[in-house]
Amino acid sequence: MNPDLPVETISGIGPKRAALLENLNIRTVGDLVFHFPRDYQDRRRITPISAAGEGERVTIEGEVTASRMVRLRGRMSLAVVTLRDATGEMQATWFGRGFLAKSFTRGVRGLFTGIVGKYKGPCLKNPEYEILSGDEEDLLHTGRVVPIYRLTEGITQRLLRRWVWTAVEQVADELEETLPKDLRARYDFPPIRAAMRTAHFPEEIAPAQTARARFAYEELLGIQLGVLSARAARLHEEKGNRHVIDGRILGTFRESLPFALTRSQERAVSDILGDMASPRPMMRLLQGDVGCGKTIVALHAVAAAADGGYQTALMVPTEVLAEQHFLSLRTSLEPLGLWVDLLTGSTRGQAEVRRRVARGEAHVVVGTHALIQEKTQFHNLGLAIIDEQHRFGVCQRSTLVEKGLSPDILHMTATPIPRTLAITVYGGMDISVIDELPPGRVPVKTRRIPPGKIEDLYKYIVGQAAEGFQTYFICPLVEESDKRQLKAVTTHFEELSAGAFEGIRTALMHGRLDPVEKDEIMRRFKKGDIDVLFSTTVIEVGIDVKNATTMIIEDASQFGLTQLHQLRGRVGRGRDQSHCFLLGSPATEDGKRRLEVMCATNSGFDIAEEDLKLRGPGEFYGVRQAGLSDLRVADLIRDVRLLDHARRDAQKILDKDPLLAAPEHGPLAVLAKRFESLNA
Ligand code: ADP
Ligand code: MG
């Protein structure tokens, strides 16, 4: 059977069920066989009820003799079901799921897997269960190692297991081998057809896991071949600019630095200058927490470009940031004899600026992303620096190349990226990491504030304002479009301004304000004309107000870890001790954990790893865009080791066969193609 046929060709699947399967991203028969089990259960050993000992994990096969729903305090309910087999009777209970009592009518037979506890005698608490039909089909579901799948509403294990069985029977023998023999041998991976059967319907659990790993590996290898071959293609290009890196301007710049670079800054500078000196186009990601000094590093590149007579474009996500960067770059670069211009939608005298850029009189131009997309003509653009790139999406080099430009590209990001994602989403780029802060920085202190202490906190803020320090007050507006929440934020602001914060200067900022208003508020805040800025998360990532030393985050557990960390990065920028106060009581364990992590560490990398564990990769920036959220098999958390192997193997394969042209690499070329667009 052709694996591309729709799932409806499997008997038992009609339009309704096909629609449900779409929730699992299953549309074709092939999708069905690539929906691998999330777990396996050994059902060869059925424990007789009389032998089920307390505390043991058992599977029993029993018949329902009675069932009832018990109402508990609150609005909770409990389902209590009595089960019998030839050896005795026991209970099964489901807490909070009283409605289940209805489906277990007398005479229903099923398998129940769980840990034996006590409820008026031995009892399985919240067991996983499967109802048996008593026909021959039960052979698929009992007395063997059975696959347990990720499900969706309306689809049971039993249904899905049967469909997968049918699909595997029909397509397994038509699958073409993808992995060359030597790779399979290296990891003891079975050939594809056997692997497909074993991964779903194994005789033992261990080989099933190897079989699944085979497919995960295959997918990761495809990604790595895709990104690494894009990278190899770039490294073979000779069209890039060959910059001078020992020129006068760079030399003067280095000498004029008022401080010594940290070791990781030095390393990043030498990575970047190395790229620039080579004729290959640079495509580097400079990653480091807010405030670690990326800008200084990037200025080395600007100076080097200028030494060879090349212009630099610095692109940032918003006008406020453009202005901030413009001012700071001008201060650093003018003494070197470089002309810096600002070009945004609201810049006055745009025509004049454009003329200077076109003639090459402007050495550096700072602007929003539109800078390179619009009508701006460069005289000789040699370097494009893209700051806070997570706001843009990965800038495709191809857009620049299409414009006939082939500058070296340096992305800068303050978003910590877990290593596994870095080598997949950004796998085709070179990466430099700055993992230390300049000396003398005072780490931000983070604390949770219980509801009873809020008034004290407000008093503290007023006191801070009297001393001239400013505060960010972040309100969780999850969607800027949510009117009701916006009203809540506004009310909160108004009440506090007329209450606890009466007499100090407050302002409110949110995404619904027009850009001019937003800019105006940010400017006033930077000038120190606002003591407490209430804001949704729209305040800019890179905003740098040294005098703002306090951040309050309302209902903090509503935010993801990465976001909390980024919000916090807006304080702690000066020499004074900064504080971050987290309000609200988390409703979930994860929420609680997030706040704990925030209080425990200031390290962006630790936070990113933790965030990856809590949320999975789909939520990370770039993952969806890169198409990585629909990885069919691999799990970027669980399969870290496979990923490392895949990366190394991909590199070795490409070293020998850069174009994957060898016949035995044909299927690999197809795999790679799926991920080719990753930051090409
Ligand atoms: P980022 O862009 O990574 O957020 P910046 O480049 O804006 O960080 O640097 C933050 C501040 O730290 C700036 O005021 C900068 O001058 C200062 N700084 C950068 N590197 C060093 C260093 N090695 N020693 C001391 N101060 C530094
Ligand atoms: Mg910055």
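In listed order, ligands and their atoms are each counted from 1. All heavy atoms count here, side chains included; hydrogens, waters and symmetry mates do not.
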Handout entry: Near-ring test His492/Phe473, centroid separation under 6.0 angstrom
Key =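 They qualify: ring centres under 6.0 Å apart.
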Handout entry: side-chain contact (heavy atoms from CB on, under 4.5 Å) partner of His565, the single match among Asp606, Asp611, Asp289
Key = Asp289
Problem - Short N or O distance, Gly293 and ligand 1, threshold 3.5 Å exclusive - result: yes
Practice task
Determine yes or no for a side-chain-to-main-chain donor-acceptor pair under 3.5 angstrom, with Thr601 supplying the side chain and Val597 the backbone.
Solution key: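 It does not hold such a pair.
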Completion exercise
Here the atoms of ligand 1 under 4.0 Å from any heavy atom belonging to Thr262 are 23 (N)
Practice task
For Ile296, counting its heavy atoms only, list the atoms of ligand 1 lying under 4.0 Å from any of them.
Solution key: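 The atoms of ligand 1 under 4.0 Å from a heavy atom of Ile296 are 6 (O), 19 (C).
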Handout entry: Any Cys292 heavy atom less than 4.0 Å to ligand 1
Key =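 The answer is yes: ligand 1 sits under 4.0 Å from a heavy atom of Cys292.
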Exercise for the section: Answer with yes or no whether Met412 contacts ligand 1, where contact means a heavy atom under 4.0 Å from a ligand atom. Expected result: no
If you measure from the Lys or Arg side-chain nitrogens to the Asp or Glu carboxylate oxygens, is any gap between [X] and [Y] under 4.0 Å?
X: Asp576; Y: Lys546; value: no
X: Glu323; Y: Arg523; value: yes
X: Arg593; Y: Glu610; value: yes

Practice task
Would you indicate which of Asp289, Thr295, Leu299 comes nearest to atom 2 (O) of ligand 1 when only heavy atoms are counted?
Solution key: Thr295
Exercise for the section: Record the part of Ala260 in heavy-atom contact with ligand 1 below 4.0 Å; permitted values are side chain, backbone, both and neither. Expected result: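 The part of Ala260 near ligand 1 is the backbone, not the side chain.
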Problem - Part of Gln287 with heavy atoms under 4.0 Å of ligand 1, whether side chain, backbone, both or neither - result: neither
